[in-house]
Each structure stands twice: as C-alpha cells, then as structure tokens.
Amino acid sequence: MICYAVIDTNVLVSALLSGKDDTATVQVLGKVIIGEIIPIYSSVITKEYREVLSRKKFGFSGDLIEYLMSAVEKYGILIEPSLSGITLPDMKDVPFYEVVLEKRDDNAYLVTGNIKHFPKEPFIVTPRELLDILDNK
C-alpha cells in the first residue's frame with residue numbers, strides 16, 4: 001500500500017543517526033526511498049530539513065543531505081498549505097500540521113517522534129504506528 005506522509009524533521013535526523021536498519025525511523029525513510037511512502041512537504045519544510053540536517057553537530061555529509069532532499073523533492077508532492085491559525089507548543093511544527101491538513105482527503109499522516117507537540121488526532125502518528133498502519137492495509 002502506498003500512503004502520503006509529512007515526515008517531521010526529527011524522524012529524518014533519527015533515521016540518519018541510527019546505526020540499525022530495523023529501527024522504525026530507518027524503515028520509514030526506506031519506504032520513502034522505495035516509493036511506498038510518498039512524502040508531502042512545503043517549501044518551509046524543505047528549508048527546515050536542509051537547515052537542521054546541515055548542522056555541524058550531526059556531521060551529515062552534503063552528499064547525503066542532497067541525496068535525501070532530491071528523493072523527497074523528486075518523489076514527493078509539494079504543497080503550499082492554507083494557514084490554519086493553530087497554535088502549537090513549538091510553532092515551528094505548524095507548517096507540518098498545515099501540510100497534512102491539505103492532504104487529509106488522501107488519508108495522509110504526519111509522522112513525528114514528538115507526538116506531544118501536536119493535537120491528538122488519528123492522522124498524527126509515530127514512525128512505528130505508521131509502519132503498523134501500512135502492515136495492516
């Protein structure tokens with residue numbers, strides 16, 4: 001089954017830092033690369049991806065960042081969402097929430113390691129929960 005998902009930056013960072021192939025974040029990223037998960041994103045989201053992944057503390061190579069970004073942009077869907085007016089504990093999370101709202105008719109999910117930063121909604125899931133959803137469909 002193919003699904004649409006907004007991938008929170010923390011999921012990407014966790015996947016790239018992981019030394020294990022069987023972690024949920026690595027599996028989600030792998031499904032993006034092979035096309036089972038179609039990323040949905042906005043220009044604000046890709047700007048954050050590039051900014052965060054380029055931080056020296058992570059030590060990700062420019063080639064790795066560009067490979068990941070090119071996969072997201074090539075296989076994903078760019079959406080410029082409507083403003084929701086929502087207030088979240090971390091306002092940098094608002095663009096992720098607004099993008100998923102635009103694709104809810106397509107059963108899109110927001111995948112994050114920080115569930116508590118978002119409203120309790122069935123479409124806001126952890127990487128493990130998304131994998132379980134995909135396995136059950």
Side-chain angles (χ1 to χ4, degrees):
M1 180 194 129
I2 293 176
C3 79
Y4 297 96
V6 180
I7 310 294
D8 198 349
T9 311
N10 62 63
V11 173
L12 296 180
V13 170
S14 178
L16 295 175
L17 288 175
S18 178
K20 299 180 180 181
D21 291 342
D22 61 348
T23 63
T25 57
V26 170
Q27 290 178 48
V28 165
L29 185 54
K31 289 183 181 296
V32 169
I33 300 296
I34 65 170
E36 280 186 48
I37 296 174
I38 298 171
I40 51 177
Y41 64 93
S42 68
S43 56
V44 173
I45 290 172
T46 55
K47 181 180 178 190
E48 178 176 317
Y49 286 169
R50 287 183 195 287
E51 178 186 310
V52 172
L53 296 175
S54 297
R55 291 179 184 164
K56 290 195 184 300
K57 70 179 181 178
F58 297 127
F60 302 137
S61 72
D63 288 345
L64 176 62
I65 295 167
E66 284 311 307
Y67 172 76
L68 180 59
M69 295 309 303
S70 67
V72 167
E73 292 169 345
K74 181 176 181 179
Y75 301 113
I77 298 172
L78 175 64
I79 293 175
E80 292 306 329
S82 304
L83 297 177
S84 66
I86 192 166
T87 300
L88 297 176
D90 182 349
M91 290 303 287
K92 288 184 179 180
D93 290 329
V94 170
F96 295 85
Y97 187 76
E98 290 175 338
V99 167
V100 78
L101 289 180
E102 291 290 327
K103 287 295 272 182
R104 280 304 304 141
D105 289 344
D106 295 316
N107 292 319
Y109 297 91
L110 192 162
V111 186
T112 181
N114 294 324
I115 291 286
K116 66 182 183 276
H117 290 186
F118 294 95
K120 188 172 178 71
E121 298 281 358
F123 59 87
I124 300 174
V125 297
T126 66
R128 172 56 45 210
E129 289 170 334
L130 181 62
L131 293 171
D132 291 344
I133 290 166
L134 291 173
D135 286 345
N136 290 324
K137 291 198 175 189

J.: Would the distance check show the side chain of Q27 and the main-chain N or O of D22 forming a donor-acceptor pair, the cut-off being under 3.5 Å?
T.: yes
J.: Would you say the side-chain atoms of E51 pair up with the backbone N or O of E48, donor to acceptor, closer than 3.5 Å?
T.: no
J.: Among I65, L53, L17, which one satisfies side chain to side chain contact (heavy atoms under 4.5 Å, CB included) with F58?
T.: L17
J.: When rounded to the nearest 0.5 angstrom, what distance separates CD1 in I79 from CD1 in I77?
T.: 6.0 Å
J.: Given side chains that start at C-beta, do those of L88 and P119 come closer than 4.5 Å, heavy atoms only?
T.: yes
J.: So, does D8 use its side chain to make a donor-acceptor pair with the main chain of V111 at under 3.5 Å?
T.: no
J.: Provide the closest heavy-atom pair for G35 versus I38 in the form atom of the first, atom of the second, distance.
T.: O-CG1, 4.3 Å
J.: Not counting sequence neighbours, which residues clear side-chain hydrogen bond (donor to acceptor under 3.5 Å, both in side chains) with S42? List them please.
T.: none
J.: Within this structure, what is the OH-CD1 distance for the pair Y75 and I34, rounded to the nearest 0.5 Å?
T.: 11.5 Å
J.: Assess the side chains of E102 and S82: does a donor N or O sit below 3.5 Å from an acceptor N or O?
T.: yes
J.: Is the shortest side-chain heavy-atom distance between V6 and Y97 below 4.5 Å?
T.: no
J.: As an exercise, state the distance from NZ of K116 to CG of D90, rounded to the nearest 0.5 Å.
T.: 10.5 Å
J.: To the nearest 0.5 Å, tell me how far Y41 OH sits from E80 CD.
T.: 9.5 Å
J.: Please test C3 against I133 for side-chain contact (heavy atoms from CB on, under 4.5 Å), starting from the C-alpha separation and ending with a verdict.
T.: CA-CA 10 Å; C3 79; I133 290 166; over 6 Å; no
J.: Would the distance check show the side chain of E98 and the main-chain N or O of L83 forming a donor-acceptor pair, the cut-off being under 3.5 Å?
T.: no
J.: Classify the ring geometry of F96 against Y49: parallel below 30°, tilted from 30° to 60°, perpendicular beyond 60°.
T.: tilted
J.: What residue among T112, V125, L110, D135 forms side chain to side chain contact (heavy atoms under 4.5 Å, CB included) with L130?
T.: V125
J.: I'd like to know if the side chain of R128 reaches the main chain of D132, judged simply by a donor and an acceptor atom lying under 3.5 Å from each other, with no hydrogens or angles considered.
T.: no
J.: Hey, does the side chain of S14 reach the backbone of V11 with a donor-acceptor pair shorter than 3.5 angstrom?
T.: no
J.: Roughly how far, to the nearest 0.5 Å, is the CG atom of L68 from the CG atom of L16?
T.: 6.0 Å
